[in-house]
S.K.: 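My structure is below; once you've seen it, I'll send some questions.
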Amino acid sequence: MNKKFLSVTLIIFGILYNLFLSLMSLSLNYEYREVSKIKKALEKENKNLIVKYSSLSSPARIGKYAREKLGLIKPMEKQFRYLKK
Amino acid sequence: VIGSSKFRIIFVLFFVILCLLIIFFRTIQVKFFPNKKLVKYYENQYKGKIFTKPKRGDIFDKKSRPLAISLEYKHLIVNPSKIENCNKVAKVLSSELNLNYKEVFKIIKDKKRKYYRLKKFLSEKEELILSKIVSLEEGLYFEETYKRNYPNKTLASHILGFVNHNQIGKTGVEYYYDNYLSSDKKIIPYEKDGRARAIFSHNLWKEDINEIYLTIDNDIQYRIEEELKLTYEKWNALSATVIVMDPHTGKIISLANYPTFDPNEPGKYSAHERRNKAIMDIFEPGSTFKIITAGIALKNKLVSLEEEFWGEEGRFKIHDRVIREAQGHDYENMNISKIISKSSNIGSAKLGLRIGKEKMYEGVKEFGFGKKTYIDLPGEIKGLINYSGRDIRIATMSFGQGISVTPIQLIKAYSIIANGGYNIIPHVVEKIVTSKGESLYAMPYRKDESIINKETAKILSGMLRMAVTSGTGIATDIKGFEVAGKTGTAQKAGIDGYDDEKHVASFAGFFPISNPKYSILVLVDEPKASHYGSVVAVPLFRKIVNIIVQSKDVSPIDLEDDFKKENINYEIKEKKFDIKKIKKQEGLVPDFKGLTLREVLTNMTKEWEDIKIHGMGIVYEQKPLAGTKLKKNDKIELWLK
C-alpha cells in the first residue's frame, strides 16, 4: 500500500513539476520577448544616434562651421614646417 | 437485471470505453489523415509567421567611421475596408501628418482597397503620436522598412554608389558587394499562445549581416574633394578627377570626381554627375604616357641611357605626316632621360619606332592598358588601343596620342614604376566583417607578377624625378618629400580630328621617391583659360601632397638614400644659369630665361620684389628685356611654361 501510494505520489509530483517547468519556460519566453523588443528599440535608437553623430561630426560640416561661424581660414603651406622623426 | 447495480457499472464502463475509443480513433484520424480545413484552422489559431524585411550591412571608412548606414523606419498603412468611422480617422490622420483632409478621406472611403501606404518613412515624432491611434483604430497599422543613409552626403559618393528604393545596390561598392551587404527576406515561423503572443521565438530578431570597411580615410577624402572642387571651379572645367593610391598594395586612399552627387538623393543628379569618371571614362594620356614608352624600351634593352636621339630640328616626318614638339621646341640631341624631362614628342616617337609594333603593344598591355584593372567597382572599361600597326600610330602612341586610357589604368601604371615593377590590383575594400566579427574577405594584390625589373623601375623613377626638378612639374616638389612625376596636356579628339579648344590637363606621379608611399593622378577635363598640365593640374597635385603629408605619418627625408647610392646615371648635364653673376650687375634687368619659378623666387632681391609672374614652369619670355636699365616704378613681368 505504501509503495503504491509512493509511486502515485511521485508520478503526480513529476507531472506537476513538468507543468511548473513548462510554465516557467513560457514565462521566461515572454520575458525574453519583451527584452528583445527593448533591445531592438535601443539598437534602433543607437543607430539613429550614430547617424546623427556622423552627420554632426562630418568633415564638411566642421569645415563649414569653422569658416562661417568661427571665421577660421585654412593654413597656408608656408605655415607648416615638417620635422624629421 | 437492468436495474441492478452490476448492469449500471458495466453500462458506465462500456460508455467510458466507447468514448475513449472514439477519442482514440479520432486522434488517429486527425493525426494521420488530417482534414485540410481543420489543419488550416489550427494553423491560423496557433501558428504565426514573421516576414523580416531585407536589411543591409553598413559601410565604414578605414577608421571605422560610418559612410553608409541602414536605418529602420515605419510606413503608415491603411486598410479602408476595416475602418468604420472614416470621417474621424481622416480628420485625425490629416491633422497629425499634415496631410490634405479631402485626399485622406477619399482614400479611406474607398472600401474596395485593403492596402494603402498613407505615409512613408515616418519621423520619430510622427511614429510616437501615431502609435496610440494605431493601437485603438482597426484598419491602421505600421509596416517596418529600412532606408539607406549616407551621413557625409557627397563624400566619397562615387566609391559608395547608392541603392534603389528596394535597398538593392545600383552603383559603386553598394552594387559590387551587394551579395555581401544584402540579407535575404526571411520568414520566421512561431507558435502563438491564447492571447496570440509569440512563443519559442528565440531567433526572431537574430540578424546575420556583414559590414564593409573601405581603404579610404574620411578626412583625407574630404580635403581632397574640397581642393578638387576649387580647381574645377577655377578652371571652369567639364570635370576633374583625383586618385590617390598606395603603389605597393593597390589600396585606394582617395578617389574623387567633380561634379559629384549626394547618394541620399541620387535621382536629383544627372548621369554626368553620378558617373565615376575615374574608371568609366577614357582620355588620351598625352605626355604622361611617355614614361611607359621609355619603360618598354628599357625593359626590352632597346636603348641605353647614354644613347642620344637627334631632335630633327623640331619636325619629324613619318611618311606623309609630321610630328612636332610642343610649342615649337627644338631639343637637338637628347638621351632617354632628356626625352622624358623635356617631354619630347619626337624623342618618344623615335623610341616607339625603335620598339616596334609587336613589343609596343605587348608592353602597353603588360602595363595594364587596354584591359581592366579589376578594381572592385562596377562599370570599369578597358580603354582603347589602336592595333593598326602603322608607323604613325606607333609613333603617336609613344607620346600618348591615339591611345585612350582610364585614369585608374594610368595611376596603376605609375604605381608599377613606383613599387619596383610588380603588378597590383587597385581596390577600395579593406575587409568584410561578419556579424560574428570574423573577417570574411581580404582583397588580394599580386606581388609575384613582375612587369619590369627593379633596376628599370628605379631608372624610370629617376627620369620622373628629373621631369619634376628640371621640367614642367617643378611646382609639385616639396622639400623633403621628393616628388617624381610627369605633366600631361592632351588635345581631345572630336569628329573632325583633334579639337584645338578642348584639352585634358593632367599630372601623374608619386612620392617620396626613395620609398614611394603614395601615387597620385590629377586630371582636369576641358579646363578654360589655360590647358597646360603644369598650370592646371600641378597646383592641385602639390596641394594633395601637402594634405597627405599633413594627415599621414610621413616625415621628410634627405635624398641620401639607396636611390642615389646605386649611382644610376639619369641626370642631364646642362649648363646652368649663373644667377649670382647677373645679380652683381646692378641697375640692369637680369636674364631670367631658362630659370625655374623656384630659382627666380629663391634668388629674388629687393629690386625685383614687384615681379609679376604668368604661368608655371620655366621662364620663356620676360619684359623688359635682359640687360636693359631698370627704371624706377618699372615692373618685371615673366612668362613661364
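Letters A, B, ... mirror the listed sequences (proteins, then strands); counts begin at 1.
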S.K.: Is the number of heavy atoms from other residues, nucleotides or ligands under 6.0 Å of F121(B) CZ greater than 12?
M.R.: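 Buried by this count: over 12 neighbours within 6.0 Å.
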
S.K.: Just to be sure I understand the criterion: a residue of residues 58-67 of chain B counts if one of its heavy atoms is under 4.5 Å from a heavy atom of chain A. Which ones qualify?
M.R.: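 Within residues 58-67 of chain B, the residues under 4.5 Å from chain A are D58(B), P66(B).
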
S.K.: Could you tell me which portion of T154(B) (side chain, backbone, both or neither) has an atom closer than 4.5 angstrom to a non-hydrogen atom of chain A?
M.R.: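 It is neither, since no heavy atom gets under 4.5 Å.
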
S.K.: Can you say whether N149(B) sits under 4.5 Å from chain A via the side chain, the backbone, both, or neither, judging by heavy atoms?
M.R.: side chain

S.K.: Out of N152(B), L71(B), I69(B), return the one with the most heavy atom pairs under 4.5 angstrom to chain A.
M.R.: L71(B)

S.K.: Is any side-chain heavy atom of E72(B) closer than 4.5 Å to a side-chain heavy atom of E43(A)?
M.R.: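 The answer is no; the side chains never approach within 4.5 Å.
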
S.K.: For the NZ atom on K153(B), are there more than 12 heavy atoms of other groups (residues, nucleotides or ligands in this structure) within a distance under 6.0 Å?
M.R.: no

S.K.: Step by step, work out the salt bridge (charged side-chain N to carboxylate O under 4.0 Å, His left out) result for E144(B) and K44(A).
M.R.: CA-CA 12 Å; E144(B) 278 185 10; K44(A) 186 185 167 184; over 6 Å; no

S.K.: Where do P59(A) and N218(B) come nearest, in terms of heavy atoms and distance?
M.R.: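 Distance-wise, the nearest heavy atoms are CG-O, 4.2 Å.
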
S.K.: Do E226(B) and K74(A) touch side chain to side chain, with heavy atoms closer than 4.5 Å?
M.R.: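 Yes - at least one pair of side-chain heavy atoms lies under 4.5 Å apart.
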
S.K.: For E124(B) and E45(A), what are the C-alpha separation, side-chain angles and deciding distance, and is it a side-chain contact (heavy atoms from CB on, under 4.5 Å)?
M.R.: CA-CA 10 Å; E124(B) 278 178 60; E45(A) 197 186 336; 5.7 Å; no

S.K.: Which atom pair, heavy atoms only, marks the closest approach of Y222(B) to A60(A)?
M.R.: CE1-CA, 3.3 Å

S.K.: Would you mind checking which part of Y30(A) comes under 4.5 Å of any heavy atom in chain B, side chain (CB onward), backbone (N, CA, C, O), both or neither?
M.R.: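 Side chain only.
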
S.K.: Are there over 12 heavy-atom neighbours, none belonging to L42(A), within less than 6.0 Å of that residue's CG?
M.R.: yes

